[in-house]
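First comes the structure, then the notes that go with it.
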Amino acid sequence: MTFEKKWWQTAVAYQIYPRSYQDSDGDGIGDIKGITSRLDYLEKLGITAIWLRPVYASPMDDNGYDISDYEDIASIFGDMAAMDELLAEADKHGIKIIMDLVVNHTSDEHAWFVEAKKSKDNDFRDYYVWRDQPNNLTSAFSGSAWELDEASGQYYLHLFSKKQPDLNWENEKVRQAVYDMMNFWIDKGVGGFRMDVIDLIGKEPEKLITADGPTLHPLIQELNEKTFGAYDLVTVGETWSANPENAQLYSHPDRKEFSMIFQFEHVGLDQQEGKEKWDLAPLDPARLHNVLSKWQTELVGKGWNSLFWNNHDLPRAISRFGDDRPAFRELSGKMLAIYLHFMSGTPYIYQGEEIGMINTPITDINQADDVETHRMYAERIENGFTKEELITSIKAKGRDNARRPMQWTGAEGAGFSTGQAWLAFGDTVRDINVEKALADKQSLFYTYQKLIALRKEYPCMSEGIYEVMETGNSSVMAYRKY
Ligand code: GLC
C-alpha cells in the first residue's frame, strides 16, 4: 500500500537551534533575523522544511522548552514581526517552518501557572496536576517529579525541571486553550508542528504511568481534529517510548493522528541495558543496522518513518556513529549521510551535520551549560560517581555538544556573532566551517546536497522496497533499496 503522496514525504527537513544558528545583533545569541539571513544557504542545500526549535517567550530554564507565552516571541530571538518575516521569506525560498511546540508542560512563569498557584480554588488550578503528597514519580532531569508549593501545601507535577509544570490534559479547558493557540499558528501559515514529548500527555500520575497512558491516542486524535487535521501540514511527535507497533497508531493515515513520530531506539544502543544514557556501552554496528532495518520493514504501508542521527538533545552524529578523527571525519560523515538518506521516511538534518560538526570535549562541569547535565552531575556525585567518569559520559552524551554555535567561517566569532557567543565554540572552527565546505566540491556539504536532490527525483529513496543485504561481515551495514 502506498499513501496519497504528501509534500513532506519527499522533503528533507533541517533542524535549527535558534540560539546557536546565526546572531544578527551582536548579543552573542542567535536569533530569528539571523535565520532569515541564512535562507539562501539552506535553499542551496536543498532542504524544504525547517524544524524550528522553540522561540516563544520563555524564562529559558530549559532553553525555551519552558514556554511562558505561546503567542509571543522571546525577546532574545526577536519579536513577532521578525517571526512573520521569517515565515514570508522562507516561503519565497520554498521552505516551510515546522514549529516546535511544547504542550506537555508550560513554564512556571506562564500566566496559567501564576494564576494556578494563587489558591486551591483558582480557575486555573486544574490546568496543572496537584497532589497532597508526592509519590515515586521521577523527573527526566533527575530527582522527584513533585515540587512543593509552600503557599498551598500541595505538590505539583513536573516531569522535567521544576520550572516546567505539567499541564493537566484531562481538563477540557486546557485542551481548548492548546487548540486555540495552535490554530493561531496555523493561521500564520506555519508548515506544521513538532510535538515535544507528546507521548506523555495521557499520563496517569496516580498509577505512575507517564508515557503511553490510556488516553494518549484519543487525545492526539482530538488534537488532530481540532487543529491541523484539515490542513496540508506535517506533524511529528517526539515519542521516546515508541516501538514499531505503536508507531503505526501514531502515523497510519487512517488513524488521523500525526504524519510521523521520532522514535529513539537506535540512539539507545550505546548505553548499558536498563540504565541511563550516561552509562556508556560500546556501539555494535550490527545491532544498529538491525534496529534501523526493523523500523524500515515494519512500518512499510502502515505508517511513516522519520530518519535522523542527531538533534539538539543528542551527540553529534560523526562523533557517535562514525569516527571524528580528522582522517575519517568527512568519510564517515558521508557514509552516515548516504546510509540514512536512502531509507524510507523523512530525513531530518541537524544544523552543522551537513558540514560535519563534531562533539566538543569538556574537562570540567563548569564548562557545561545544559540543565540536564548539571542535574545529573550533582546527583551522581552525591551517589559516589567520580568526576572523571562523569566527565567522560558528558563528553559522549552531553546536550551541549549539539548546541555549540554554528561554524560559518574560520574567523574569530565563526561568522556566528560579532559579540561574545553565549556558549563556547567547538575547538574545530578553523577546520570545520561552512565557508570551507562550500569551497570544496568534494565536501560533505555537497554529499548532502546531492542526496536531497536525488530524493526529489527518485521516489524509491523515500518509500521504496528495503532489503537487508547479508555480507557475512557483521561490521558492514548494507541494504538494497529499489
Ligand atoms: C524534549 C526536548 C528537550 C527538552 C524536553 C522537555 O525532549 O527535545 O530538549 O528538554 O523535551 O521539554
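Model, not experiment: these values are computed from the prediction. Both counts, for ligands and for their atoms, begin at 1 and track the order of listing.
- Taking every non-hydrogen atom of R403 and a distance limit under 4.0 Å, the qualifying atoms of ligand 1 come out as 9 (O).
- Close approach to H312 involves these atoms of ligand 1, each under 4.0 Å from a residue heavy atom: 2 (C), 3 (C), 8 (O), 9 (O).
- Neither the backbone nor the side chain of R53 has a heavy atom within less than 4.0 Å of ligand 1.
- Ion pairing between D232 and K96 fails under the 4.0 Å rule for side-chain N and carboxylate O.
- At a threshold of 4.0 Å, the pair D400-K395 does not count as salt-bridged, since none of the basic side-chain nitrogens sits closer than that to a carboxylate oxygen.
- Ligand 1 does not have E372 within reach: every non-hydrogen atom of the residue lies 4.0 Å or more from it.
- Distances below 4.0 Å separate heavy atoms of R399 from the following atoms of ligand 1: 3 (C), 4 (C), 9 (O), 10 (O).
- Near H105, the atoms of ligand 1 lying under 4.0 angstrom from a non-hydrogen atom of the residue are 6 (C), 12 (O).
- Sorted by first and then second residue, the side chain to side chain donor-acceptor pair (under 3.5 Å) pairs with a member in residues 52-61 read S58-D66, D61-S161; sequence neighbours excluded.
- Taking only non-hydrogen atoms, the option from I67, N104, V102, D196 nearest to atom 2 (C) of ligand 1 is D196.
- A salt bridge is absent between R403 and D369: the closest approach of a Lys/Arg side-chain nitrogen to an acidic carboxylate oxygen does not fall below 4.0 angstrom.
- Between K203 and D166, at least one side-chain N (NZ, or NE/NH1/NH2) sits under 4.0 Å from a carboxylate O, which counts as a salt bridge.
- Within a 6.0 Å sphere centred on CZ of R287, heavy atoms belonging to other residues, nucleotides or ligands number 12 at most.
- Protein heavy atom in closest approach to atom 9 (O) of ligand 1: D313 OD1, 2.7 Å.
- Note on K188 versus D84: salt bridge recorded, some NZ/NE/NH1/NH2 to OD/OE distance being below 4.0 Å.
- Between E389 and R380, no side-chain nitrogen of the basic residue sits less than 4.0 Å from a carboxylate oxygen of the acidic one, so the salt-bridge criterion is not met.
- Looking at F141 against ligand 1, only its side chain comes within 4.0 Å, counting heavy atoms.
- Looking only at heavy atoms of the protein, atom 7 (O) of ligand 1 is closest to E238 OE2, 2.8 Å.
- Residue, atom and distance of the protein heavy atom nearest to atom 10 (O) of ligand 1 are D62 OD2, 2.5 Å.
- Set against the non-hydrogen atoms of V197, the atoms of ligand 1 under 4.0 Å away are 1 (C), 7 (O), 11 (O).
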